[in-house]
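Inspection log for the structure reproduced underneath, given as structure tokens.
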Amino acid sequence: MLINVPETVVADALRGMAASHPELTVDVENRVVVRRDAPVAGKVALVSGGGSGHEPLHAGFVGPGMLSAACPGEVFTSPVPDQMVRAAAAVDSGEGVLFVVKNYTGDVLNFEMAAELADEEGLRIEQVLVDDDVAVTDSLYTAGRRGTGATLFVEKIAGAAADEGAPLDRVAAIARRVNESSRSFGVALSSVTTPAKGSPTFDLPAGELELGIGIHGEPGRERRAMMTSREIADFAVNAVLDDLRPGGPVLALVNGMGGTPLLELYGFGAEVHRVLRERGVVVARTLVGNYVTSLDMAGCSVTLCRADEELVRLWDAPVETPALRWGR
Amino acid sequence: MLINVPETVVADALRGMAASHPELTVDVENRVVVRRDAPVAGKVALVSGGGSGHEPLHAGFVGPGMLSAACPGEVFTSPVPDQMVRAAAAVDSGEGVLFVVKNYTGDVLNFEMAAELADEEGLRIEQVLVDDDVAVTDSLYTAGRRGTGATLFVEKIAGAAADEGAPLDRVAAIARRVNESSRSFGVALSSVTTPAKGSPTFDLPAGELELGIGIHGEPGRERRAMMTSREIADFAVNAVLDDLRPGGPVLALVNGMGGTPLLELYGFGAEVHRVLRERGVVVARTLVGNYVTSLDMAGCSVTLCRADEELVRLWDAPVETPALRWGR
Amino acid sequence: MLDADFFHRWMIAAAGLVDRDAEHLTELDSAIGDADHGSNLRRGFAAVSAALAKEPPQTPGAVLSLAGRQLISTVGGASGPLYGTLLRRTGKALGGAPAVSRADLARALGEGVAAVSQLGGAQAGDKTMLDALLPAVDALGTSFAAGRDAARAGAEATVPLRARKGRASYLGERSVGHQDPGATSAALLIAALADTAETAGGEA
Amino acid sequence: MLDADFFHRWMIAAAGLVDRDAEHLTELDSAIGDADHGSNLRRGFAAVSAALAKEPPQTPGAVLSLAGRQLISTVGGASGPLYGTLLRRTGKALGGAPAVSRADLARALGEGVAAVSQLGGAQAGDKTMLDALLPAVDALGTSFAAGRDAARAGAEATVPLRARKGRASYLGERSVGHQDPGATSAALLIAALADTAETAGGEA
Ligand SMILES: Nc1ncnc2c1ncn2[C@@H]1O[C@H](COP(=O)(O)OP(=O)(O)O)[C@@H](O)[C@H]1O
Ligand SMILES: Nc1ncnc2c1ncn2[C@@H]1O[C@H](COP(=O)(O)OP(=O)(O)O)[C@@H](O)[C@H]1O
Ligand SMILES: [Mg+2]
Ligand SMILES: [Mg+2]
Ligand SMILES: [Mg+2]
Ligand SMILES: [Mg+2]
């Protein structure tokens, strides 16, 4: 691993972000990344955060048109409430703050505590829970569906709504709508190695893959003999479509888990488009790349979001962050 | 690997690019990626290309402000002359075409043949050779320094010059100046697995690294026991500085080889900045990310470019490609 | 009676056991979770030790409240808020008394455990830290040693269970056959309590 | 005398040997290069076979010229232009004759090899395909079999050399101790020639 010691990886990365992104204010000690011009008068602020190891999520999405601030936790460990409260205080312009929370027990509990504390400090807080992973059954017998690729859609689109000047309840409502309209499915072709453990979290022999994995190196729902890109696309896209049942066009995220070369990911993207075409689903916009990652894990995920005109317009709206930039 | 069969990886990836980038014209059969609005009247065109497996280089750099077209070869194999001639014909507006060629025997010979053929077809062609890798001694006893990270600087800055309307000789001169002002050094923490071979190109036990590697899975100049991020930055930056001897500010590329998580890469970026500070070198701009990669190889490279005001201005100029976007 | 110093030493002992077993906890967490439970708790209890050393609180309740706040501020993940709440609520239930009995502690810990169940929504048998904590609270009514044994037995009894809360629940059937990391660390916390009591000289 | 059909069969035989040994060539290339030489040549010679089948050229020179053009258009890398130039120049040197002698071929191949040296700037002893081709040209003056042996010996003799051209030169001293992939494939090309001559019935 390209590290000094496991204990400092997050702080080291934040120092690196500080050195290369003058457009961000990076508080290395307190682990908060804020867009430099925050608070932005008259605009609702968005704060997200989660365990590190998923870069560019979340800190790479801080900037005009997306997040106001991000709180990186330790690797694969949700941040602590102090970070979120500090971030909220730094970005609130008086219009209130939306917390974007991925549905993991740790994230949910820590953001919940933060929301209570921020409330006591007089901040207006709304929360949106992202839970898009169809590999997890959403039942009383689980912690509910995980939050994965849809986080990018939620942060981008709600960020655009905030940028347009929408009030807090409306930004929160759009964020929830994006989440409800999104589903994901992920596949691992290798395990993941965290700095703390230093060896793969699970054993995955070459020639096998894990279907239905999350982004924390948890094993998936099922192990199988290696499949082709074509077969994986069939499996993943069908899993998403069977749950999502879109009636119209979709936004598509063809996401790499970190260790899969972009060459392979684009090839996989072609297969994703093929399945969608076969199932009669029109793709309004596609994004291909490593956006919601799991350190060095090889693999990919597919996220689809039912997209009406408003969502497409907000998706196309300008964004200017380290990892996502377009529009003018 | 996330592939169908090794024989179709490049075509599959191009189909994926076609599906997700409506702003590009992708000729999958002939393997040419062209910006949709080419040829752009009154502007010099830039064509680059090389083996696949280095994505987003080069096709991810096609668009306004950078390349006019890219020719992807087989994995780690330079493209053939037919591709380059076709690309040049597609993008030439009458102002001439600059070939950006990385210094590898294969690339040099194929681009040379292409230049001759294009010349016969009446196109005006200039070539710039990128050779920035200080790990290779530039002597009669080698093929000369390899072209690696500096390719990004050359393509971005020469692309900006062309975008401003500079004539061919001037665009070529700037491209050469950028190359002469740039040096790189790379380190591998793992080997690389090509689709054709299916197993690692060289054996690199955990706990060892290769210093002075290129981007094709060739072993490096020297194998060592694993070093910390801090030690690697000391070694790589000093190797570059000792050869480059900048008298003023530099542009810095902290590049991931593909398999190293962005979290680690940013931490490495912090160490690169520390060494530069210690050596009294001012960094005008930094770019951190996986830009000139070697499939799934873990590792990193550092490229520095002596940057005068003109180069910084051209670096900051707007660019709008799949992998690099900024300005307005 | 157990005074502030006793509770202080309990926390130090817990930090010691967590530090000793951190790799093991992470190993358990890599089988059915995300391989961070050991480093999470090591970081948290190191912060607890440091905070207690800086300004030692004067009552049992204050010791546990401070420890709980430290865990919440430094651990993150699921275990941070849960263990933090456990200690804060237990401390709150102990009130301002300068010393408390084992029975007081068992009662207060019962409140703390109930708060964990309420916060995280888990029940006995869901394969979480509660499966060690719930039997421990009952057994602490008898003796510290009984509490330790019950907690360990509870942790071991999580092996055949299918997880219904936390990250391990994503695995469904594949979570069966592995011991829960949180239940295992909870057993360490109770073992540290019994160790402290034994060092203090017999049953307090 | 060797007619167009003989040259056609030579190319098919070369394609066969390259296909058979592709993994080996790639293995050699992974030690001191980038692990693509086998797949490069397999792709190229498959295209040569296909093109020759489509419209079989009528003279030895035309066969080699077409084969060379196919290699240039389909191989890429260093070996594409070099092998392409080798065959095109050899074909050009053979001119329009409907049949040629072994001596004619040896002379023409000598011109092709010289063109390779000029294009790539390599000399004997630089650990490249030239180290098999140069001795083969000389020995072909004697017999096809001698050519084959000389090419193979030349390829094997690259093992102790330090590479001075191509990708292997980046390795410096570390290139020593490995057989050059291009010299190895060049020996296959000459072996295919000798095989074709033998199948055609003795020395032509
Ligand atoms: N809802 C819950 N109620 C009680 N305990 C829980 C709950 N969810 C998780 N846990 C406990 O937390 C442990 C995992 O802690 P840790 O690994 O530190 O956090 P994370 O799962 O966020 O990585 C589990 O082994 C389990 O005992
Ligand atoms: N300048 C040169 N002159 C002659 N032969 C060369 C030269 N450079 C490389 N070669 C030959 O090409 C072979 C490598 O071919 P190949 O692997 O297909 O191309 P690449 O090196 O571009 O990957 C080497 O083993 C060597 O024999
Ligand atoms: Mg965790
Ligand atoms: Mg090659
Ligand atoms: Mg965990
Ligand atoms: Mg090669």
Under 4.5 Å, counting heavy-atom pairs only, tell me which of [options] racks up the most with chain B.
| options | result |
| --- | --- |
| Thr85(D), Ile72(D), Leu119(D) | Ile72(D) |
| Ser39(D), Ser73(D), Ala163(D) | Ser73(D) |
| Glu23(D), Lys165(D), Arg167(D) | Arg167(D) |
| Ala35(D), Gly77(D), Gly38(D) | Gly77(D) |

Which residue out of Thr194(B), Asp107(B), Asn110(B) racks up the most heavy-atom pairs below 4.5 Å with chain D? Asn110(B)

Heavy-atom pair count under 4.5 Å with chain D, highest-scoring of Pro81(B), Pro6(B), Gly106(B), Gly144(B): Gly106(B)

So what's closer than 4.5 Å to chain D heavy atoms on [X]: side chain, backbone, both or neither?
| X | answer |
| --- | --- |
| Arg31(B) | neither |
| Glu222(B) | backbone |
| Val108(B) | neither |

How far does [atom1] of [X] sit from [atom2] of [Y], to the nearest 0.5 angstrom?
| X | Y | atom1 | atom2 | answer |
| --- | --- | --- | --- | --- |
| Tyr104(B) | Asp34(D) | OH | CG | 9.5 Å |
| Thr105(B) | Leu82(D) | OG1 | CG | 8.0 Å |
| Leu171(D) | Ile213(B) | CG | CD1 | 12.0 Å |
| Arg69(D) | Asp82(B) | CZ | CG | 11.0 Å |

Tell me, for Ala168(D) versus chain B, whether the close heavy atoms (under 4.5 Å) come from the side chain, the backbone, both or neither. neither

Checking Ala31(D) against chain B: side chain, backbone, both or neither under 4.5 Å from a heavy atom? backbone

Determine whether more than 12 heavy atoms belonging to other residues, nucleotides or ligands lie under 6.0 Å from atom [atom1] of [X].
| X | atom1 | value |
| --- | --- | --- |
| Arg43(D) | CZ | yes |
| Arg89(D) | CZ | no |
| Arg86(B) | CZ | no |

Counterpart residues, side-chain contact (heavy atoms from CB on, under 4.5 Å), relative to Ser185(D) (two or more places apart): Leu25(D), His37(D), Leu41(D), Tyr83(D)

Considering only NZ, NE, NH1 and NH2 on the basic side and carboxylate oxygens on the acidic side, decide whether Arg42(D) and Glu7(B) come within less than 4.0 Å. no

What closest approach, in Å, do Thr77(B) and Val75(D) show between heavy atoms, and which atom pair accounts for it? CG2-O, 3.3 Å

Please report the shortest heavy-atom distance between Asn103(B) and Tyr170(D), naming the atom on each side. O-OH, 3.5 Å

Is the side chain of Arg174(D) donor-acceptor paired with the backbone N or O of Gly220(B) at a distance under 3.5 Å, no angle test? yes

Keeping Ser169(D) on the side-chain end and Ala143(B) on the backbone end, is there a donor-acceptor pair under 3.5 Å? yes

